[in-house]
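Beneath this line is the structure, given in structure tokens, with notes to follow.
Every chain is numbered from 1, with letters handed out A, B, ... down the list of sequences. Model, not experiment: these values are computed from the prediction.
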Amino acid sequence: MTEDSQRNFRSVYYEKVGFRGVEEKKSLEILLKDDRLDIEKLCTFSQRFPLPSMYRALVWKVLLGILPPHHESHAQVMMYRKEQYCDVLHALEVVRFVSDATPQVEVYLRMYQLESGKLPRSPSFPLEPEDEVFLAIAKAVEEMVEDSVDCYWIIRSFVNQLNNKYRESLPQLPKAFEQYLNLEDSRLLSHLKTCSALSRLPYDLWFKRCFAGCLPESSLQRVWDKVVSGSCKILVFVAVEILLTFKIKVMALNSAEKITKFLENIPQDSSDAIVSKAIDLWHKHCGTPVHSA
Amino acid sequence: MAQQANIGELLSMLDSPLLSVRDDVTAVFKENLSSDRGPMLVNTLVDYYLETNSQPVLHILTTLQEPHDKHLLDKMNECMGRAASRLPALSLLGHVIRLQPPWKHKLSQAPLLPSLLKCLKMDTDVIVLTTGVLVLITMLPMIPQSGKQHLHDFFDIFGRLSSWCLKKPGHVTEIYLVHLHASVYALFHRLYGMYPCNFVSFLRSHYSMKENLDTFEEVVRPMMEHVRIHPELVTGSKDHELDPRRWKRLETHDVVIECAKISLDPAEASYEDGDSVSPQVSARFPHRAADVAASPYVDTQNSCGSATSTPYSSSRLMLLNMPGQPPQTLSPPATRLLTEPPQAALWSPSTVCGMTTPPTSPGNVPPELSHPYSKVFGTTGGKGTPLGTPATSPPPAPLCHSDDYVPISLRPATATPPKKEEKTDSARPCLHRQHHLPNDRGLEELPGSKGSVTLSDLPGFLGDLASEEDSIEKAKEEAAISKELSEITTAETEPLVPRGGFDSPFYQDNLPGCPRKNHSATSGAQGASVNPEPLNSSLDKLGPDTPKQAFTPIDPPCGGTAESPAGHRERQTSLETSILTPSPCKIPPQRGVGFGSGQPPPYDHLFEVALPKTAHHFVSKKTKELLKKAKGNAEEDYPPSTSPAEVLDRLVQQGADAHSKELSKLSLPSKSVDWTHFGDEIRALRNQLLLLHNQLLYERFKRQQHALRNRRLLRKAVKAAALEEHNAAMKDQLKLQEKDIQIWKVSVQKEQARCSWLREQRDAMVAQLHSQIRQLQHDREEFYNQSQELQTKLEDCRNMIAELRLELKKANSKVCHTELLLSQVSQKLSNSESVQQQMEFLNRQLLVLGEVNELYLEQLQSKHSDTTKEVEMMKAACRKELEKNRSHVLQQNQRLDTSQKRILELESHLAKKDHLLLEQKKYLEDVKVQARGQLQAAESRYEAQKRITQVFELEILDLYGRLEKDGLLKKLEEEKAEAAEAAEERLACCKDGCPDSVTGHNEESSGYNGETKPPRPGGGSASRGGGGGSGGGELSTPEKPPSQRAGLFSSRWETAMGGSATSIPTTVGSLPSSKSFLGMKARELFRNKSESQCDEDGVTISSLSETLKTELGRDPGAEAKTPLNPDGPHPSPPNLDSVGQLHIMDYNETHHEHSEG
């Protein structure tokens, strides 16, 4: 309360009138000013509001544990990270796994493989499916973050989070998707069922890759804000919203192949709206996270 | 041809005198015509007719049916082309069209019409022209709409012929011109009547030319004096009068009457219009008024049924009754007629017409009308009218029968002539005959006579008319009937007017009635005393003569005998009359001529004469002529007003006069002689006759048209009458119903009275019952109240009972309580008794103890004085001690206070310290977290480094593997080359190979370590600290190596073993075999030394192999086990040998042992 009154006494009304994000940047700055950053608060904030892009990388790094909560150690830790990055990169160069010509995304992949001890014997070995996921995510993050060290670390941490934190919940998402789609539009669901397309929807694309490659990065980062801050359920709502948005086209299609094909290549122009609606939907169904939980 | 001949025969047979033969032949012809559609038969017939002028053929031709009309017209057209046959063809055409065949509308399209017109324009023969003009005039009303095409032809013909009348081309005789003039006059009337606007414009244009001016002055202008202004000239236009729609509404006879209406010529004029008719209407009206006054039920001819005030109407009534009566009832009226001859003679044409009108067809009269009619008759009968007819017969019946009864009614009438026409005996049979005629219509009793022919055709014609009228006229009539009814008075007069005229088809029948009509008109006029003026107005010039006419009704029959001298007497009297009544005056001459033209049958002449009307006209004409002669100049006043028709009349009169004179002069034989002398004259006379015949036929045609119209109008009148009767009947019914209503009203009033009485009674009853009910209710309430009271009482009683019960309970409980108390009291009593006993016992003890006490007191007083000093000392000591203790306590208290303060201070310190500690802890935690963060980063770095080193090592091993592989391959090649060499060489070979392969780590690991150290320190120092320096010792003591190290090396091992696996087994395998005898010697040599060494080595090797085994278990290069396993778990002799061998071979063995030691 005291914090709020310090910020701006009008802030309460902005939201009532419908302005969003007016005070968000300011409140985020206040949050970031704390020494020993409060990770919980940052999580809540990130779930509740869209992150300003200038702070996004910082917040992500903090949330993903790349940076410690203390400002003091930031520089040192970041130096470590950078050295590690350089070492690994150097090692890869030494063993001739990467060269200057290797695409950056693959470099990231090799680095990740090396660090997780899964480096294949030869760079020419075929890629595993999880490597494909990594590549997709890496490609998306590469668009979002400029610095390659940050980029690598964010990718690495993000993928690790997916593999560790969400290991249990990711397989449940298709069921949740079906449930929420039934709530929102049971007709569409029944259509999908009659087409037997329900089981063949691009769940890998949606949930394993977190829509990397499906949505443009500008929209995707808003989704990932939520994912990074610890809620993978948002993915379900994005998927539901995609179906609702393209309901007419999907209803027009009758075969599972066509539906899957269409959903894998949805038009990009309405993605911002989709994400906004999906977030609203998420808030509607799962409730707005309490500000200072 | 045979057929042709046959036809010729038949034709000749047609003229046979035998009636039956003639009928048969006619029937044959008709049959042929109906079966044959070709033109041949018609042509033949026409030819034959033109040749012989045969009447039967004419009859056949005039009744030709539809498909043959074209042939007939074509044939006639063809004949018209030839000058010789033109006249007969024209006359045939005249005959045909006068009968108005059903195909008459085709005439306008037929080529005959143009050729007729052409003929009229070109021909110069007056007879042909006159005949043609008459035919044209006859034809015009039938084809009015065709006027459009030929209008100018008509006008041209008129122009030509009118100029002819004046210019008189040389060879034309005056007499003919009179005829021509008359026909032109008729044409003028027709054209003016039908196409006034066009005609007037034609006249204007035609006679504006100078050369025609004379003609106009002389011919046309007098004609114009005989016509009124045509209304169409005002309202119509040239186009309008040619409009087919205008003509569609009009029947042929309508057109004729239309034309007659505009004529001022008394001979032509029709008096239908209000102004011209008014005198007669007014003349008639009094009758109507009288009739109406006499009985309200009367209408038209039914009015006769009423009791009439005038003898005239009564006579009518009687005649009327006759048709309604069954035949057997005929006699009384007949006798009445006999007894009242004047009245019998008074039977008016109207009645006859009424009876013979086409409405006789039952279909015309709605059947529902019959009953009202019968009712009407019933009422009239009840009134006691003279007619004793069974009034129940419906009106259609009399109408139906009328045709049959007319002759019957006439038969009694024929009985009267003896009285009427005593002088004319010859007339009687004639009359008789004629009265029979309608009866025997189907038969041709008068084959020769035209009149008979027309009469015989009449039924057919009537049939046509009936059927036509049934279809067309009826529709028209029904539409017009309301209008007609509104004009009922005039409508009623209408039938009378044509009747007064002369051209009804029942001309012969009517003839006797005609004068009657006049008489009735005049008598009616007298009765009304209005007639002189109207009559004067209608016949203005001849006004003064009307009274005379009025007084000569009976004359015509008397004067019917024209040839008898008696006629002359009458002639004198009826001189003026005949002039005054021009309408009949025209016909008789024509008729006469007409009969004369053909082959007049012997009795025909008599027949003509016998007709009273005709005779009368003959007489009148003659008198007129005489008058003319007598008056001389007097007649000069007339010319401007005399019409060409009058001129013609006079001419005919003159001719007839001359003829009769001639006849009377000449005896029959001499006459025949004279005929030859006067051939030319005869021809002229013949022609004249022909012309007259034509004229006559034309007039007859006109008459027929009038008759048609009469019938139609009469039927309307009959219908109107029927409706009026119906109205009357309805009124009667209405009255009856009103009476009923009255009765019902009275009964309703009665019923109402009864009803009110009943209602009152009921009200009284109801009131009584109400009072009873009220009383009963009151009673009931009282009872109710009583019961309430009783109930309350009951309640009270119950309460009381309850209370009493309660009291009872209380009493009971009280009793119980008291009993309990009693028992308690008794117990207490017993207790108190026992206590008293105790007390007594205790009192005794007290007494005893008191005594004892006194005893002890005495003892004490004796001992007390010794102990007081000691006590005081003790007290002092105690006091001192107490003070001491008190001070001590004070001290203690002070100490306590200070210590408490101290405690408080310490506690605050402690709290501060705790807080500090907490902060410290927090900070520590913070720092810890911070450090952990950093540490994590560092650890991750370390992990990464570890991974990196692994990768590097992997890489290096890989590379080494490759190198060694290459080296081994080379050595193998060498080995193979020296395979045949000695055992030493083999051993040497083993010494080279084995250190590399199996025991490389023992000896050359130092070398390795040295090599691999540069990259390792980072990783090794990080994990193990300062263990880096003792690499050699570490490696030299195989028992020590940590699993980690083994793990580190394992990969190297793997690669090394994997790489050498293929080559080593062969060398290893070859060793024991080669050792077999070499080993024996070596064992002997080094046994003592190698005994312990061997054991140790076995242990180290086994331990090594065991660690390796765990690592190698996962590795693909599991083959490495096979060479190692035999060494490890089972230290078999060959292995020992090999180890021994190794040690033997190893130059550093001593160094090993030293280090161990």
Side-chain angles (χ1 to χ4, degrees), chain A residues 34-40 61-98 108 110-123 125 149-150 152-154 156-157 160 164, chain B residues 918-962 965 1012 1014-1019 1021-1022 1044 1047-1048 1050-1052 1054-1055 1058-1059 1111 1114-1117:
Chain A
D34 293 344
D35 194 23
R36 191 165 175 214
L37 300 166
D38 191 335
I39 306 285
E40 292 269 314
K61 280 197 279 185
V62 170
L63 290 180
L64 289 171
I66 299 162
L67 284 178
H70 293 276
H71 287 292
E72 290 171 20
S73 46
H74 276 188
Q76 197 188 355
V77 169
M78 214 48 228
M79 196 187 72
Y80 285 159
R81 303 295 191 200
K82 194 173 180 183
E83 277 175 11
Q84 186 178 342
Y85 174 79
C86 292
D87 288 344
V88 174
L89 188 63
H90 175 72
L92 282 173
E93 277 167 2
V94 167
V95 296
R96 283 170 285 177
F97 250 96
V98 297
Y108 294 144
R110 297 304 176 191
M111 287 170 75
Y112 177 73
Q113 280 177 334
L114 188 147
E115 284 206 69
S116 55
K118 290 172 189 166
L119 195 67
R121 292 297 308 281
S122 159
F125 278 21
V149 179
D150 284 352
Y152 169 67
W153 276 101
I154 285 171
R156 181 179 183 271
S157 309
N160 276 336
N164 301 323
Chain B
L918 256 168
E919 276 187 357
Q920 287 291 328
K921 265 187 191 168
K922 236 187 228 170
Y923 181 70
L924 195 67
E925 196 74 23
D926 207 17
V927 171
K928 247 194 210 168
V929 169
Q930 191 179 349
R932 201 188 297 142
Q934 288 177 0
L935 198 67
Q936 272 174 358
E939 266 177 13
S940 77
R941 244 182 98 193
Y942 165 67
E943 281 292 318
Q945 286 296 349
K946 230 163 57 177
R947 295 289 177 192
I948 290 163
T949 20
Q950 276 181 5
V951 169
F952 280 161
E953 281 170 7
L954 211 70
E955 186 70 20
I956 288 161
L957 281 175
D958 195 13
L959 290 171
Y960 272 125
R962 263 184 232 164
K965 209 170 152 189
T1012 55
R1016 214 196 295 166
S1021 64
Q1044 268 184 322
L1048 255 176
S1050 68
S1051 58
R1052 220 195 310 169
E1054 286 157 32
T1055 50
E1111 296 286 332
R1114 290 177 258 154
D1115 286 355

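Put simply, NE2 on A/His70 and CD on B/Gln934 are 9.0 Å apart, with the number rounded to the nearest 0.5 Å. Put simply, CD on B/Glu943 and CD on A/Glu115 are 9.0 Å apart, with the number rounded to the nearest 0.5 Å. Between atom CG of residue A/Leu119 and atom CD1 of residue B/Ile948 there is a gap of 11.0 Å, rounded to the nearest 0.5 Å. Here the CZ atom belonging to B/Arg941 is positioned 6.5 Å from the CE atom belonging to A/Met79, to the nearest 0.5 angstrom. Expressed to the nearest 0.5 Å, how far CD of B/Gln950 lies from CG of A/Leu114 amounts to 9.0 Å.
For the 3.5 Å distance criterion, the side chains of A/Arg81 and B/Ser940 qualify, holding a donor opposite an acceptor.
No other option in B/Arg932, B/Gln945, B/Gln936 has as many heavy-atom pairs under 4.5 Å with chain A as B/Gln945.
The nearest pair of heavy atoms linking A/Gly117 to B/Arg947 is CA-NH1, 3.6 Å. B/Ala937 and A/Tyr80 get closest at one heavy-atom pair: CB-CD1, 3.7 Å. Closest non-hydrogen pair, B/Gly933 versus A/Pro68, comes out as CA-CB, 4.3 Å.
Put simply, the side chain of A/Pro69 reaches to within 4.5 Å of the side chain of B/Val929, judged on heavy atoms.
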